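Read the structure below first, then the notes.
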Amino acid sequence: MQRVVRILRAYWKAIVALTVAGGLVGLAWSAVQPRVYTADASGYVAAVASDGSTGAALAGDQLALSKVKSFIDMGYWRSVAETAKTDLGLTDSPEALVQRVKVSNPVDTVNVRVDATGPTPESARDLAEAWLRGMTTEVDQLQSGGGGQSAVRLIAGDSARLPTAPSSPNVKLDISIGALVGAVAGVVFALVRRAFDRRIRSASDITGTITASVVGILPVDKDLASGRAVFSFDDIRDGRGSFAHKEAMRELRTNLQYVDVDRPARVMVITSPLPGDGKSTTAANLAVSIAATGQAVILVDADLRRPVLGGMFGFSDDVGLSDVLAGRAQIEQVAHQVDENGSLFVVAAGRTPPNPSEMVGSQRMQALVRKLAEDLVVIVDSPPTLAVADAAVIASWADGAVLVVTAGRTTDDMLSRAAENIGKTRGHLLGVVLNRVPLRGVDSSYYGGRYGGYYGYGSPRDEGRKRGLFGRRRRGTDGSTPDESTGARRRSTDVQPENVSGLRTLSQRRTSAHAEGESSSESMATMVAVAPRSARRRRTTS
């Protein structure tokens with residue numbers, strides 16, 4: 001029942017719309033129906049007593065009760081209809097007039113009631129009165145036998161009242177029936193729609209489709225609604241960025257650490273079934289969150305077809321991984337430090353080669369990544385699995401793959417095919433990340449956002465009002481965001497955005513560290529050289 005209620009809540013707009021439409025159909029049907037008015041006339045059956053004694057009166061009442069049932073059937077005789085037709089001068093056939101009349105006898109009474117219908121109030125009233133008069137004439141002739149006075153008579157009562165409102169159609173009833181039919185149709189539509197809905201909406205949908213576990217659930221974030229953004233994870237109380245999204249990313253980081261504790265993944269490839277699922281944003285924020293813990297991380301853009309990481313961090317995509325693999329540059333020259341602590345490095349995709357799949361699957365690529373993995377955690381952003389084969393090729397030699405799917409967009413067959421593509425190359429699927437899960441509503445699968453206000457870190461209402469170190473979205477001269485021009489590369493001549501504190505390559509970092517090491521060595525040597533002389537002075541003085 002809870003599942004049915006969730007389905008009805010999910011499709012409540014459709015149910016309400018069909019209910020309203022059903023009511024409108026009922027109203028329209030009533031509007032086109034002809035108006036029918038009903039008037040009634042009544043009379044009573046009386047027995048003519050021979051004397052005024054009480055016994056005779058009781059006998060007359062019993063006789064009237066026994067006769068009134070027969071008079072009800074007499075009310076539908078053709079002769080009665082002929083009499084009423086002649087009285088009113090109607091052109092309708094007797095059969096048609098009989099269909100407009102109903103004769104009844106109230107329980108335990110000697111009364112006879114005639115209900116007649118007509119297109120106007122006057123026609124209904126006149127037909128009821130004429131019908132009762134015709135019944136009276138027919139009863140007198142039948143009881144008297146053509147002469148004398150009959151023992152039982154049908155006496156007409158007061159004239160029929162003129163109806164003030166039509167009896168048909170019943171507008172309220174028609175609207176109610178239409179609305180009820182519409183509501184039932186809405187419920188059936190909701191149940192059938194959800195039964196045939198193959199889109200992934202919750203973690204249970206993922207685990208029911210493939211054997212992989214759900215390692216992260218990322219909620220919808222308004223800062224990511226119109227473009228890509230990378231948040232700062234250094235301070236949870238700074239009020240910048242989305243509290244819910246950052247906490248979910250921290251949970252994803254923790255879950256990935258415990259996927260395989262015996263063989264922790266040092267090289268992780270982030271991919272998705274189709275473009276637009278948020279894999280690049282997830283990879284970037286995951287790298288930043290890992291770097292916030294003090295671990296050295298390098299983020300490699302292996303999407304050589306439509307790179308975006310360079311533009312996200314504010315440097316050119318024209319020089320990067322493809323140049324290293326082609327031998328035109330060294331990794332130390334293209335790995336940019338993008339944080340203040342020197343823990344996060346980003347490698348852009350570089351120029352688009354004619355054979356991206358062969359390049360990312362080459363032995364040179366594997367050797368490069370393995371060398372980097374000796375000192376850093378390597379996160380590889382790859383193309384979608386269903387679009388090209390690059391992700392499956394990278395997953396074949398990486399330590400594990402993380403599949404990013406979109407709630408309400410990715411279908412179960414897309415998820416199955418993406419997992420199969422990774423499995424065909426014997427890649428290890430670490431888990432699935434359910435992205436863009438609603439914070440509220442029946443499809444909400446994320447429960448951490450509601451605790452933000454309680455702990456004083458912000459709430460879903462005011463989250464994202466400020467942006468962190470990497471949280472500023474860049475806009476072009478026309479005001480468009482990177483997502484609006486997907487695949488556009490950032491040129492080296494573009495102005496460096498404010499979200500990058502200082503670009504410094506890996507070689508510069510190593511040179512600085514080497515210089516600091518030499519300075520320290522020189523200082524130690526000076527101290528060693530000076531120490532003996534000081535000691536000699538102390539010995540001489542003594």
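Values in this document were obtained by computation on a predicted structure and should not be read as measured data. Just the heavy atoms: all of them, side chains too, but no hydrogens, waters or symmetry mates, feed the values below.
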Is the side chain of Ser322 donor-acceptor paired with the backbone N or O of Arg351 at a distance under 3.5 Å, no angle test? yes

Polar side-chain atom of Thr271 near backbone of Pro383 as donor-acceptor pair, under 3.5 Å: yes

Please check this pair: side chain of Arg436 against backbone of Leu218, looking for a donor-acceptor N/O pair closer than 3.5 Å. no

Would you sort out whether Ile175 and Lys172 count as a side chain to side chain contact (heavy atoms under 4.5 Å, CB included), showing the intermediate values? CA-CA 5 Å; Ile175 294 177; Lys172 293 182 179 180; 6.0 Å; no

Do Gln295 and Arg253 come within less than 4.5 Å of each other through their side chains, counting heavy atoms only? no

When rounded to the nearest 0.5 angstrom, what is the spacing between CD1 in Ile290 and CD1 in Ile298? 13.0 Å

Let me confirm one number: the CG-CD1 distance from Leu18 to Ile15, rounded to the nearest 0.5 Å. 8.0 Å

Between Gly216 and Asn255, what is the shortest heavy-atom contact and its length? N-ND2, 4.5 Å

Verdict with supporting geometry, Thr411 and Arg417, side chain to side chain donor-acceptor pair (under 3.5 Å): CA-CA 10 Å; Thr411 60; Arg417 289 170 54 196; over 6 Å; no

Would you say Asp317's side chain and Ala348's backbone share a donor-acceptor pair under 3.5 angstrom? no

Has Lys279 got a side-chain atom pairing as donor or acceptor with Asp381's backbone, closer than 3.5 angstrom? no

Smallest separation among heavy atoms of Trp397 and Gly361, with atom names: NE1-CA, 4.1 Å

May I have the step-by-step check of side chain to side chain contact (heavy atoms under 4.5 Å, CB included) for Thr410 and Leu274, ending in yes or no? CA-CA 8 Å; Thr410 306; Leu274 293 177; over 6 Å; no

In terms of heavy-atom contacts, Leu304 and Thr352 come closest through O-OG1, 3.1 Å

I'd like to know if the side chain of Thr385 reaches the main chain of Ala391, judged simply by a donor and an acceptor atom lying under 3.5 Å from each other, with no hydrogens or angles considered. no

Taking it one step at a time, do Met249 and Phe231 satisfy side chain to side chain contact (heavy atoms under 4.5 Å, CB included)? CA-CA 10 Å; Met249 192 61 63; Phe231 301 121; over 6 Å; no

So which atom in Leu321 and which in Ala302 form the shortest heavy-atom distance, rounded to 0.1 Å? CD2-CA, 4.0 Å

Is there a donor-acceptor pair under 3.5 Å between the side chain of Asp301 and the backbone N or O of Leu309? yes

Smallest heavy-atom separation, Gly431 atom then Val215 atom, equals CA-CG1, 3.8 Å

Starting from the C-alpha separation in whole Å, work towards a yes-or-no answer on side chain to side chain contact (heavy atoms under 4.5 Å, CB included) for Ile200 and Ile206. CA-CA 7 Å; Ile200 302 297; Ile206 296 176; 3.5 Å; yes

dist Leu286:CG -> Met268:CE (nearest 0.5 Å) comes out at 5.5 Å

Go through it in stages, so that I can follow the logic: the residues are Arg370 and Asp399, the test is salt bridge (Lys or Arg N to Asp or Glu O under 4.0 Å), and I'd like the CA-CA distance, side-chain angles, deciding distance and then a yes or no. CA-CA 10 Å; Arg370 291 303 174 189; Asp399 294 338; 3.1 Å; yes

Look at the side chain of Arg194 and the backbone N and O of Ile7, then say whether any donor-acceptor pair between them is shorter than 3.5 Å. no

Sub-3.5 Å donor-acceptor pair from the side chain of Asp197 to the main-chain atoms of Arg199, do we have one? yes

Quick one: closest heavy-atom pair of Ala190 and Leu8, and the distance? CB-CD2, 4.4 Å

More than 12 heavy atoms from other groups under 6.0 Å of CD on Gln257: yes

Output the distance between atom OG (Ser202) and atom CG (Leu434), rounded to the nearest 0.5 Å. 7.5 Å

Would you compute the distance between atom CG of Asn435 and atom CG of Asp277 and round it to the nearest 0.5 angstrom? 7.5 Å

Separation of Ser272 OG from Met414 CE (nearest 0.5 Å): 11.0 Å

With no hydrogens and no angle check, is any side-chain donor or acceptor of Arg364 less than 3.5 Å from a backbone partner on Leu325? yes

